Structures are given as structure tokens and as C-alpha cells.
Trainee: 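Take this structure, written in C-alpha cells, and hold onto it; I'll ask about it next.
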Number of protein chains: 2
Amino acid sequence: MSDAVDVIVGQWAAQRPDLTDELWPIEVLARIQRMNRIIEKQLKAFVAERDLEVGELDILTTLRRSGPPYTLTAGALIPAAMVTSGAITNRIDRMEAKGLVERVRDGQDRRSVRVRLTDQGREVAEKVMAEHLQHFASLLAPLDRDTCDTVASALRTLLKSHGDTSIG
Amino acid sequence: MSDAVDVIVGQWAAQRPDLTDELWPIEVLARIQRMNRIIEKQLKAFVAERDLEVGELDILTTLRRSGPPYTLTAGALIPAAMVTSGAITNRIDRMEAKGLVERVRDGQDRRSVRVRLTDQGREVAEKVMAEHLQHFASLLAPLDRDTCDTVASALRTLLKSHGDTSIG
DNA sequence: GTTAACAATCTCAACGTTGAAATAAAATCA
DNA sequence: TGATTTTATTTCAACGTTGAGATTGTTAAC
């Protein structure tokens, strides 16, 4: 059976037979793009039920998994989230208003802003992360673990080749 | 060697050992998300060199691969692009201003808008698509064809399970 | 043939991100 | 010390998308 990308590739093969041998990258990359849209849509619904935004969940989990004292500089959050500095400032603003994080000026380097999970923020993070993992698992239901491992490994190779090797 | 997602998973395993067995979905889904950001960034640079937007390339290629007369209704473009109707309207507006497409009112159903590639639009599509495929291939350089096929197959299964089986 | 239900597109305000410029602090060097 | 460069964050206008509602046209029911 075919998915939407099979249809796309089939149309190209019919329209431009000369390109048939060069369509294979679409099979991978277009599927990553389409799957990403599905993930984002699912994630949006998931966080909406918990009064969060997708970007806020991102900050929440990044701070939680960094371990005590659940504090990172704004700058460290940029590569972790793969967004620009302006987006991080906005997210912290919103989360600070919600009481999930607080800004702490660094005594050593007053240019830096240390973003710290509040007690409430940590509570939310603990609860949401467990649910988030179950939700994520359900999205992968049709694949067995071996297949997931194979895909993960290939994507790791790809990400490394594009320099996505560190988050700080 | 490890990528950014390995670091993330490692942090979680250290912080929440009780969740260790449930982290595997991250290995796949976080990598899809991060790879998607890289694809989008690459694509943005690619189209910028050609005076296009990513969404415009999407419309351009969708119309081209639909075959003569290179015409689809606005509604048909929605599932193809996986965006909302408002986004399609905006894209068509911009592309019409650039002379890449034209709106043709359907004589049969005057609610419908048929979006047609202009001659210029088709010329751009032909040229850009070949370059686009080469660019896409270069993004997958570190993977061999068998691996690509395996990943594509797994993602196809995933997409089908989420109902992404048709584009119109 | 009129009314109601449905369908396709457009409108528009709200939203989050980008990217460049501004601000402010620290580090480097003369 | 003072001047310059570098670093960290914030600001802000522009941009594209979303999602709800408005608009316009079609189909179905009576």
C-alpha cells in the first residue's frame, strides 16, 4: 500500500521519466517533513490539554533533564531548541508569567541570564514528561523496536553529518 | 559517536532512571524533528537563491507534477501542502503577483478556484526541480541507498498509520 | 421554487519565529 | 587605565501560519 509520498513520486515518474533515478531522496526527506507535521500537530494537541505551548514543553524538559539545580543560561537553550535567541526570550517571558521558570541574573557574568525551573515548573515537568513519553510511544505503535532502532541509527548518522552533535 | 539526541537521552537516563526503558521513542521522533529543522533551513537557503519561499516551491512542484494542464483547485493544494486554507490563499496571492500562477474561476463550480501554472511558472518549476533533487541527494550523502530504502519504508508505514495516504 | 444544509475560498486578528539592530557587560590589548 | 572587540541577551518589525468566521456558490429537501 502507498502513502502520500508514493503518490508524489509516482506523479513525478510519470511527468518526468528522465528524473526517475533521482527521485529517491524524496522518499526519505519528504517523509521526514510530513511526519514532522504530524508530530507537531499531535504535540500541539497534547500540550494544549495541559495549558502549554510546544516551545514551552521544550524548555521545560530541557531544564528538567539538565539536572539540579535545573538551571541553564538562555544561550544554552538556543542550540537545544534549535531556534533563535528571540524565540528563547519570548518563551522565557511567557513561562515566567506562568510561574514555570524564573530569571536569575548571574553574579559572575551579568550579561548572562540563568533560567531556573521553579518548584511548580519542576512538578509540571515530572508529570508531563511521563505522559509525553507514553504519547510518543503511541505514535510509533506500528513499528517494532528493531525497526525503530534502525531508523534511529540512520537518522543519527544523518544528524551528525549536519553537525547536530551537541546541545550546548 | 553521538549526536544531540544521544545527549538528550543520556541526560534523561541519568536524571530519571525509572524512565530508561521508555526513552526509545525519543530516539526516533526527536531525530525526525531535528532533521526536519535542518531540512527546512537548507530548503530556505536553496529557495532564497531563486527568489522563492519554501511554501512557494511546494505549490510550484505540486502543480508541475500534477501534469497538464498544470492546474489544481485551491482545495486540492491543502492536503498536498499539509497547511490550512488561509496559508494556501496567501501563497497563491504571492505567486500570482510574481506571475508564477494564475487564478482561473471554474465555469462549472464558481466556488472553486483553479490555480494554474503560468508558462513562466512552469519554466521555473522545470529548472528548480532538477536542482532541488540534487540538493536533496546531497543532504543524504552519508547514507547508502539500502539504508535510505529501509528508512523510507519504515516512515511509509508510520505515515500510513497516521492517515497520510492521499494528497487530494 | 424556496429554504436549508453544505462546500470552497477568502478574510483577518492573533500568534510564534526570524533576523537584524540595540543594549549592556566582560575580555582583550595597548 | 582606556579603547576595542567580543559575548549574552533583549528588542522589534516583518513574515507566514493558524483558526474562526464571513462570503459566495451549490446541492438537497420539501
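In the text below, chain A, chain B and the rest are named by the order of the sequence lines, each starting its count at 1. Please read all numbers here as calculations on a predicted model, not as lab measurements.
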Trainee: Choose from D/dT9, D/dG19, D/dT10 the nucleotide whose nearest atom is closest to any side-chain atom of A/T73.
Mentor: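 Of the candidates, D/dT9 comes closest.
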
Trainee: Tell me: CZ of A/R105 to P of C/dA24, nearest whole Å?
Mentor: 11 Å

Trainee: With heavy atoms under 4.0 Å as the rule, sort B/A74 into base, sugar-phosphate or nothing.
Mentor: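 Touches sugar-phosphate only.
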
Trainee: In whole Å, I'd like the distance from the CG atom of A/L52 to the P atom of C/dG16.
Mentor: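 The answer, rounded to whole Å, is 12 Å.
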
Trainee: Could you state the CG-C1' distance from A/N36 to D/dT17, rounded to the nearest angstrom?
Mentor: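 A/N36 atom CG is separated from D/dT17 atom C1' by 15 Å.
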
Trainee: With the side chain of B/K44 defined as its heavy atoms from C-beta on, choose the nearest nucleotide among D/dT18, C/dT9, C/dT18.
Mentor: C/dT18

Trainee: Roughly how many Å is it from CD1 in A/I88 to C1' in C/dG19, rounded to a whole number?
Mentor: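 After rounding, the reported distance stands at 15 Å.
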
Trainee: Looking at DNA chain C, which of residues 90-102 of chain A put a heavy atom within less than 4.0 Å of it?
Mentor: A/N90, A/R91, A/R94

Trainee: Enumerate the salt bridge (charged side-chain N to carboxylate O under 4.0 Å, His left out) contacts for residues 66-90 of chain B, please, sequence neighbours excluded, ordered by first and then second residue.
Mentor: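 Output for this query is empty, none listed.
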
Trainee: With sequence neighbours excluded, give me every salt bridge (charged side-chain N to carboxylate O under 4.0 Å, His left out) pair touching residues 11-20 of chain B.
Mentor: A/E126-B/R16, B/R16-B/D18

Trainee: Tell me whether B/D3 is salt-bridged to A/K160, with the criterion being a basic N under 4.0 Å from an acidic carboxylate O.
Mentor: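 The answer is no: the pair does not qualify as a salt bridge.
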
Trainee: Could you walk me through whether B/R65 and A/I8 pass the side chain to side chain contact (heavy atoms under 4.5 Å, CB included) check?
Mentor: CA-CA 8 Å; B/R65 71 170 186 262; A/I8 291 171; 3.4 Å; yes

Trainee: Which part of the nucleic acid does B/G86 contact within heavy-atom distance under 4.0 Å: base, sugar-phosphate only, or nothing?
Mentor: base

Trainee: Mind listing the residues from residues 108-116 of chain A sitting with a heavy atom below 4.0 Å of DNA chain D? Number order is fine.
Mentor: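 The stretch gives A/R111, A/S112, A/V113 as the residues lying under 4.0 Å from the strand, ordered by number.
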
Trainee: Using a strict cut-off of less than 4.0 Å between a Lys/Arg side-chain nitrogen and an Asp/Glu carboxylate oxygen, indicate whether A/R31 and A/E27 qualify as a salt bridge.
Mentor: yes

Trainee: Decide, yes or no, whether a salt bridge links B/D58 with B/R91 under the criterion of side-chain N to carboxylate O below 4.0 Å.
Mentor: yes

Trainee: Between D/dT17 atom P and B/I78 atom CD1, what is the distance in whole Å?
Mentor: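 In whole Å, D/dT17 P and B/I78 CD1 are 13 Å from each other.
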
Trainee: Show me the pairs that pass salt bridge (charged side-chain N to carboxylate O under 4.0 Å, His left out) and involve residues 140-153 of chain B, at least two apart or across chains.
Mentor: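 Non-adjacent pairs meeting salt bridge (charged side-chain N to carboxylate O under 4.0 Å, His left out): zero.
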
Trainee: Given B/D109 and B/R114, is the salt bridge (charged side-chain N to carboxylate O under 4.0 Å, His left out) satisfied, shown in steps?
Mentor: CA-CA 10 Å; B/D109 184 341; B/R114 280 136 75 83; over 6 Å; no

Trainee: Got a sec, which pairs hit side chain to side chain donor-acceptor pair (under 3.5 Å) with one end in residues 47-57 of chain B, sequence neighbours left out?
Mentor: B/R50-B/E131, B/E56-B/R94, B/E56-B/K98

Trainee: Could you tell me whether B/R103 contacts a base, only the sugar-phosphate backbone, or nothing, with contacts defined as non-hydrogen atoms closer than 4.0 Å?
Mentor: sugar-phosphate

Trainee: Tell me: CZ of B/R37 to P of C/dT17, nearest whole Å?
Mentor: 8 Å

Trainee: Parallel, tilted or perpendicular, judged at 30° and 60°: which one describes the rings of A/H135 and A/F46?
Mentor: parallel

Trainee: On DNA chain C, does the nearest nucleotide to A/G107 precede the nearest nucleotide to A/M82 from the 5' side, or the other way round? Give the residue.
Mentor: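 Counting from the 5' end, the first nearest nucleotide belongs to A/M82.
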
Trainee: How close or far is atom C1' of C/dC15 from atom CD of A/E40, stated in whole angstroms?
Mentor: 15 Å

Trainee: Looking at C/dT18, D/dA20, D/dT11, which one has an atom nearest to any side-chain atom of B/S85?
Mentor: D/dA20

Trainee: B/I59 has an atom CD1; how far is it from atom P of D/dG16, in whole Å?
Mentor: 13 Å

